[in-house]
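Naming: A, B, ... by sequence-line order, numbering from 1 per chain. Just so it is clear, the values below take in all heavy atoms, side chains as well, and ignore hydrogens, waters and symmetry mates.
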Amino acid sequence: MNLQFAQLILWLPLLGFLFCSTSGLYIKDRALQKRLTTIIAPGVVLASFVIALLVTLQFGSTPREIIALIPGTSIYDPWIRFGGFRVNFNEVIDPLSLVMSLVVTGVGGLIHVYSVGYMKDDRDYTRFFTYFNLFIFMMLLLVLGDNFLLMFVGWEGVGVCSYLLISFWFTDEANARAGNKAFIVNRVGDLGFSLGIMSIWSYFGTVSFYTPQHRGVLELANHVGRVLDVTGGVVPTAVITMICLLLFVGAVGKSAQIPLFVWLPDAMAGPTPVSALIHAATMVTAGVVMLSRCSFLFVHSAVALHVVAWVGLATAFMAATMALVQTDIKKVLAYSTISQLGYMFMACGVGDFSDGIFHVVTHAFFKALLFLGAGAVIHSMLGEQDMRKMGGLKKKLPATWAVMIIATYSIAGFPLLSGFWSKDAILDSASRSFAGDGTLLYAGGLITAFLTAFYMNRLMWKTFYTQERFTDGQLHTHHHGDSDDSGHGEDQGNGHVHPSPGTMMWPLYILAILAAGFGWFAGPYGPSGGNLLDKFLAPSIAPLSLGGLHPQADLMSPVAGYLLSSLIAIAGLVLAAVMYGRRMESGAILEPAAADASPLVQFLRNNWGFDALYNLIFIKGGGLLAERGLMRGVETDTINAAGDGIAKSVGGISHLLRRIQTGYVRNYALVMLVGAVTLVVGMLVGVMQH
Amino acid sequence: MPALILFWILAIVCIGAALTMVTAANPVRSALSLVVCFLALAVYYVTLSAQFIGAVQVVVYAGAVMVLFLFVIMLLNLGAPVTSSTKGSNQNTAAVALGAILLLVLFISGIFFEIPGKAVSPATAQAQGTVKAVGLTLYNPHLPWLFPFEATSLLLLVAVVGAIVMTRRQV
Amino acid sequence: MLTGLVAYWDNLRDGIYRLFIFPEYWHGIRLPALVPYVALAGIFAFTLGILPMLIWIERVVIGLMQDRTGPNRLGPRGLLQPPADVLKLFFKEDIQPGSIDVRLYYLAPFISMLVALSAGAVIPLQTVTFRNVHGGLYTVPVTPGNVNIGLLFMLAASSLGVYGIILAGWSSNNKYSLLGGLRASAQIISYELAMGLSLLCVVLLAGSVQLDHIVNAQNTLPFGIHWLPSFLKGSIFSWYWLQSLIVPVVIYTVAMIAETNRAPFDLPEAESELVAGFHTEYTSMKFATFFAGEYVNMLMICGLNASVFWGGWLPPFNCFPFTFIPGFVWYILKVMMGIFFYTWLRATLPRLRYDALMNLGWKRMLPLALVWLFLLAGYSLVRTATAPHITPTAVVTVAHVAPGR
Amino acid sequence: MVPVSYYLSLSAVLFTIGVVGVLVKRNPIQVFMCIELMLNAANLTFIALGRFYGTSVGEMYVIFALAVAAAEVSVGLGIIVTIFRTRQSIDLDETALLKS
């Protein structure tokens with residue numbers, strides 16, 4: 001297959017977006033529009049996935065150059081030309097972008113299919129898919145773009161889509177606020193990212209990753225111990241560190257790391273498929289993708305890597321603790337996402353970028369599965385998200401329970417499931433951190449893994465095992481003989497719990513298989529000698545040795561590591577089972593009143609005080625600054641006063657100048673002569689001075 | 001030496017005519033002084049061996065332009081302005097003062113600055129003002145004058161049409 | 001016998017021609033340098049001498065045409081009438097009207113006269129041949145100023161002639177005079193265009209604006225047809241009145257009458273409307289100067305006509321009796337034919353209405369001349385392409401005339 | 001041969017006279033004539049310098065200046081005639097056309 005077909009990976013979702021966004025103009029029949037949307041919107045994404053798969057298979061089996069550029073614009077007539085600044089619209093086809101394309105289109109396609117069922121009754125069905133397709137396009141642009149600028153376009157594009165989808169049900173003010181929050185917090189990170197891009201432009205002279213002349217940023221950085229710019233000079237390490245840290249700020253914003261994680265829990269306001277697609281499987285991993293893409297830069301800066309690793313660990317741990325006390329089923333998952341992203345950052349921080357991507361992939365599977373499962377639960381519970389009002393759903397939703405338990409065990413690191421392999425790879429790498437702090441990172445990772453296992457099983461127990469804390473009226477019932485369109489909660493009490501339509505369940509099954517088996521497939525004991533993903537990704541990922549860094553010796557043997565992490569995971573799962581098994585009626589370890597009174601619980605529920613801190617600094621402090629300083633000091637007393645002064649002085653001057661306009665041609669001619677004489681005298685003086 | 005004497009005589013005629021033109025109240029007298037000045041300039045051109053320009057100067061300026069002026073003056077029956085100028089006495093003073101400065105500056109730049117380059121011999125110069133030489137230069141497709149010259153004909157046509165349209169009584 | 005006769009005449013002609021070839025130096029005087037002065041004196045003398053006679057000729061011709069005797073009181077056939085007229089004008093009372101612009105009033109007739117006379121400065125009367133010290137022959141045109149802008153000079157002079165009229169009309173402070181002056185200037189400006197265009201036709205054919213070049217350029221076989229007999233070389237059929245295909249000479253003739261304000265275009269002095277037009281207020285010698293100026297102007301315009309359209313000093317046929325007569329005689333004959341034509345028209349045609357005059361000038365003559373100029377341009381292009389041996393007449397003449405050969 | 005600076009100086013004098021005339025005259029026809037004088041002063045400079053350098057460029061410029069001047073005069077006088085017809089006066093100080 002011609003590699004040019006790879007272009008379609010990017011453009012098909014855009015076609016879908018164009019169709020969805022304009023179909024309302026020429027399709028007046030709403031039912032037809034909906035049917036077409038149902039076919040086209042998931043169809044383009046799945047087609048994109050198929051093409052990506054074909055490209056990957058062909059790409060992986062071809063021995064020739066493994067990184068390919070597909071120009072969207074010619075080299076001589078670039079996409080953007082501004083002075084000496086030239087950017088082409090090229091796509092880079094390399095292992096990293098292919099893996100991410102597969103994840104985005106694969107998981108995204110499954111979630112599209114799921115959404116067909118989930119959003120079936122929504123008024124804005126087509127609008128939802130418009131945003132979804134646009135999101136897929138932007139995410140693909142982010143991973144496929146051959147330069148920082150295209151990546152930035154995609155980066156901002158997914159931000160926009162995220163904003164649009166979080167506040168999809170914008171009539172509820174809380175949703176709109178959540179969207180705003182996500183957008184604004186992301187801006188902080190984007191500022192860092194854009195500063196990083198500018199720094200790259202000014203120090204490297206290019207923003208492309210790869211170029212046909214092998215003068216791209218990554219190629220320039222692909223030298224042992226030094227980084228060149230396009231003219232052949234050496235870029236100092238301090239500059240690399242600065243650039244890496246600026247890029248990392250962008251990654252922190254997009255991937256919800258400390259201190260910019262506060263938007264992600266609130267982003268759960270959107271429809272559940274949105275949470276699954278954007279805030280679990282794809283968009284939030286953009287930071288990890290970006291770090292991996294820039295691995296050639298990062299390995300040259302031990303400082304930046306160190307920062308990444310510790311921020312990742314801190315995030316993983318803190319988010320895990322916060323997840324312990326959440327009562328909203330989606331918020332538990334949101335904090336777990338943050339926590340898992342922390343793992344990925346830790347992997348990047350110790351230089352093991354390919355295992356970071358490995359975890360991105362496995363996490364995409366099981367976290368999508370978890371969200372979709374939670375969505376199925378919420379769907380069945382008529383939109384109820386509070387776990388305190390659930391319980392005993394295992395009998396009502398057995399299929400959902402089955403896929404959820406696979407996903408839970410996978411994320412908890414239950415042996416031989418996907419999460420086990422990827423998480424263990426990260427812990428192994430962390431223990432061998434080049435900086436010598438491997439023991440600490442390993443210990444922190446293990447504690448977090450234990451907490452993860454605990455809170456995930458807590459979720460399962462609260463939702464599925466403990467006694468029912470709801471009435472049948474709160475369930476999505478189904479009356480025989482009626483179609484699904486007959487509406488929510490109709491004919492209460494006479495029907496039975498309808499789990500979910502097929503379009504919602506089949507994606508779950510597929511994801512469940514992947515969540516269970518992919519880790520083995522790509523892990524060290526997989527086919528073809530193991531470590532398939534590592535080997536495939538190798539050309540896109542810089543080895544640590546490039547920057548002169550070297551991992552330390554193993555802390556323990558691999559088998560001992562596997563045993564230890566298995567033990568920790570099982571311990572967490574068992575502890576939760578034991579604690580909640582004793583409280584089958586209430587489904588809570590502490591009574592609500594006691595929980596509210598506990599300072600620790602309050603501290604964790606309040607995100608370790610981050611929200612309050614931001615509230616104090618930015619909302620209150622910023623408000624004061626705006627009101628006192630800017631409005632009075634700058635706006636009223638300076639700008640307005642200057643404006644008034646200019647107006648008054650212009651009026652006064654023109655009052656004086658008005659007398660000059662006599663209307664007599666001769667006067668004007670005289671003034672012209674004055675100018676001419678002045679000019680001639682000036683020229684004469686100028687000539688005389690020579 | 002005879003050339004110099006001729007120059008001075010013509011200069012006196014020229015400047016005198018120009019001054020008369022400016023100072024005369026009667027526009028007819030002004031116009032006639034200007035004709036004299038133009039004729040003197042034409043003689044200058046001939047002495048500068050620009051015979052063609054000299055002839056054209058007489059035909060166009062003295063023969064056509066100034067006749068047109070006189071024609072309009074007589075058509076409108078314009079005498080000297082009736083009212084004395086009440087406004088702009090400052091204007092006149094300023095104009096004369098500025099004119100003096102301008103003259104000074106032009107003099108300085110005309111006389112005291114050596115003109116770069118070297119004068120060519122009179123024989124060479126002589127051959128360049130003939131009708132033939134001017135025509136060959138003007139119509140030489142390798143020199144940049146042909147197209148402007150053609151464009152000038154268009155300009156003249158436009159001017160003719162414009163003048164006719166403007167002065168028509170019924171529009 | 002015929003061959004012998006031809007040879008005899010040829011020998012005789014060459015002998016006579018040899019008499020008219022002058023050496024370049026005569027007692028240390030370079031003779032060619034004297035030619036302009038001789039020409040100037042000749043033209044001046046002829047013009048001023050013939051002036052009184054012109055009036056007599058005109059009256060006699062008109063008298064003949066109108067079947068009456070004309071002047072017949074003074075002298076034989078009234079030949080003393082012109083000197084008597086001059087005397088009368090000279091001794092008439094010089095009246096200076098009130099409220100006139102004195103300086104311009106007195107200046108106007110002299111401008112008229114001077115400008116008319118100055119046109120004579122470039123008229124070539126004939127050529128004269130010199131033999132240089134090496135025995136080579138070269139010819140020099142007999143003209144006061146052999147300049148390369150001859151035709152332009154004539155045009156400039158004739159366009160300046162209007163000043164006399166316009167100033168006379170203005171300075172007289174008389175509404176008849178003013179109207180006459182305005183009419184004259186408008187008329188002259190209008191017809192100058194047609195005149196210039198018809199002259200341009202000739203310039204196109206001759207390739208020069210120098211008058212002796214133009215005359216020499218007519219010294220070819222008619223239309224360059226090389227198989228014609230040699231007595232037609234420079235003959236009446238090769239002059240530009242025919243070579244320019246007749247129309248330009250018609251236009252020029254009409255325009256020249258209008259230029260000189262003669263009948264039937266004498267509207268500036270239409271006695272039935274404007275008394276005497278621009279010279280209503282002029283008496284005595286000032287009137288005489290105007291009068292003389294008008295006739296000088298006529299002479300000059302006819303001189304130009306003769307040079308440009310009628311072969312200048314060339315005899316009508318390049319053979320026996322004609323070639324014996326000197327060139328300037330032919331030239332003067334041609335000029336006088338022009339004057340006769342003036343008189344003929346005056347005796348024949350009634351005066352035009354003013355708007356008819358303007359219509360004729362702007363709407364008939366000017367477009368016709370313009371169209372003819374284009375036609376001739378195309379024609380000469382074709383002629384250049386088909387018969388290259390006849391075109392460089394002017395160039396050949398230039399080489400021929402160039403001194404020092 | 002007369003030095004070129006003589007011509008330049010003469011041209012300067014004529015030009016200045018023209019400039020002053022433009023500024024002091026109230027009759028637009030006279031102002032117009034002063035402008036023509038300025039043009040001619042410039043033409044003299046062209047011719048003198050062209051002869052000085054031995055090129056025909058000066059003459060070319062003069063030809064164009066002549067043509068433009070002729071066009072300018074025809075249009076300008078047309079304007080003056082039109083103004084006279086509408087206002088019965090062409091005094092520059094009475095017709096302050098540029099002041100609304």
Side-chain angles (χ1 to χ4, degrees), chain A residues 73-88 205 638-690, chain B residues 15 18-27 29-31 33-34 37 65 68-69 72-73 76 78-119 159 162-163 166-167:
Chain A
T73 53
S74 97
I75 305 298
Y76 303 104
D77 188 17
W79 172 46
I80 294 175
R81 177 168 49 191
F82 187 82
F85 183 74
R86 282 160 180 263
V87 182
N88 286 64
T638 312
I639 297 175
N640 280 4
D644 291 351
I646 288 168
K648 272 177 200 158
S649 52
V650 165
I653 291 168
S654 52
H655 193 77
L656 288 175
L657 287 177
R658 201 173 58 187
R659 292 190 198 164
I660 290 178
Q661 199 204 349
T662 56
Y664 297 120
V665 182
R666 296 191 298 143
N667 291 13
Y668 300 154
L670 186 72
V671 177
M672 272 171 71
L673 181 66
V674 170
V677 168
T678 313
L679 211 63
V680 174
V681 169
M683 281 165 68
L684 187 64
V685 170
V687 171
M688 277 174 143
Q689 279 173 348
H690 275 286
Chain B
I15 293 171
L19 284 174
T20 316
M21 182 207 68
V22 174
T23 50
N26 191 333
R29 197 159 288 169
S30 255
S33 313
L34 194 58
C37 184
V65 168
L68 206 57
F69 268 110
V72 169
I73 293 167
L76 306 185
L78 296 170
V82 185
T83 55
S84 65
S85 179
T86 50
K87 313 141 192 158
S89 55
N90 289 337
Q91 154 103 15
N92 290 358
T93 322
V96 173
L98 273 173
I101 297 172
L102 183 65
L103 186 61
L104 187 72
V105 172
L106 290 178
F107 259 153
I108 291 171
S109 36
I111 296 171
F112 295 110
F113 280 97
E114 209 152 288
I115 291 163
K118 230 173 75 181
M166 231 179 326
T167 48

Test log, rule side-chain contact (heavy atoms from CB on, under 4.5 Å), inputs B:Leu102 and B:Leu98: CA-CA 6 Å; B:Leu102 183 65; B:Leu98 273 173; over 6 Å; no
Residues of residues 670-677 of chain A near chain B, each having a heavy atom less than 4.5 Å away: A:Leu670, A:Leu673, A:Val674, A:Val677
Approximate separation, where rounding is to 0.5 Å, of A:Ile653 CD1 and A:Ile646 CD1: 10.5 Å
Under the side chain to side chain contact (heavy atoms under 4.5 Å, CB included) test, residues paired with B:Leu104 that sit two or more places apart: B:Ile108
Separation between OG1 of B:Thr20 and CD1 of B:Ile15, rounded to the nearest 0.5 Å: 11.5 Å
Value rounded to 0.5 Å, distance of OG1 in B:Thr23 from CZ in B:Arg29: 10.0 Å
Where B:Met21 and B:Ser30 come nearest, the two heavy atoms and their spacing: O-OG, 2.5 Å
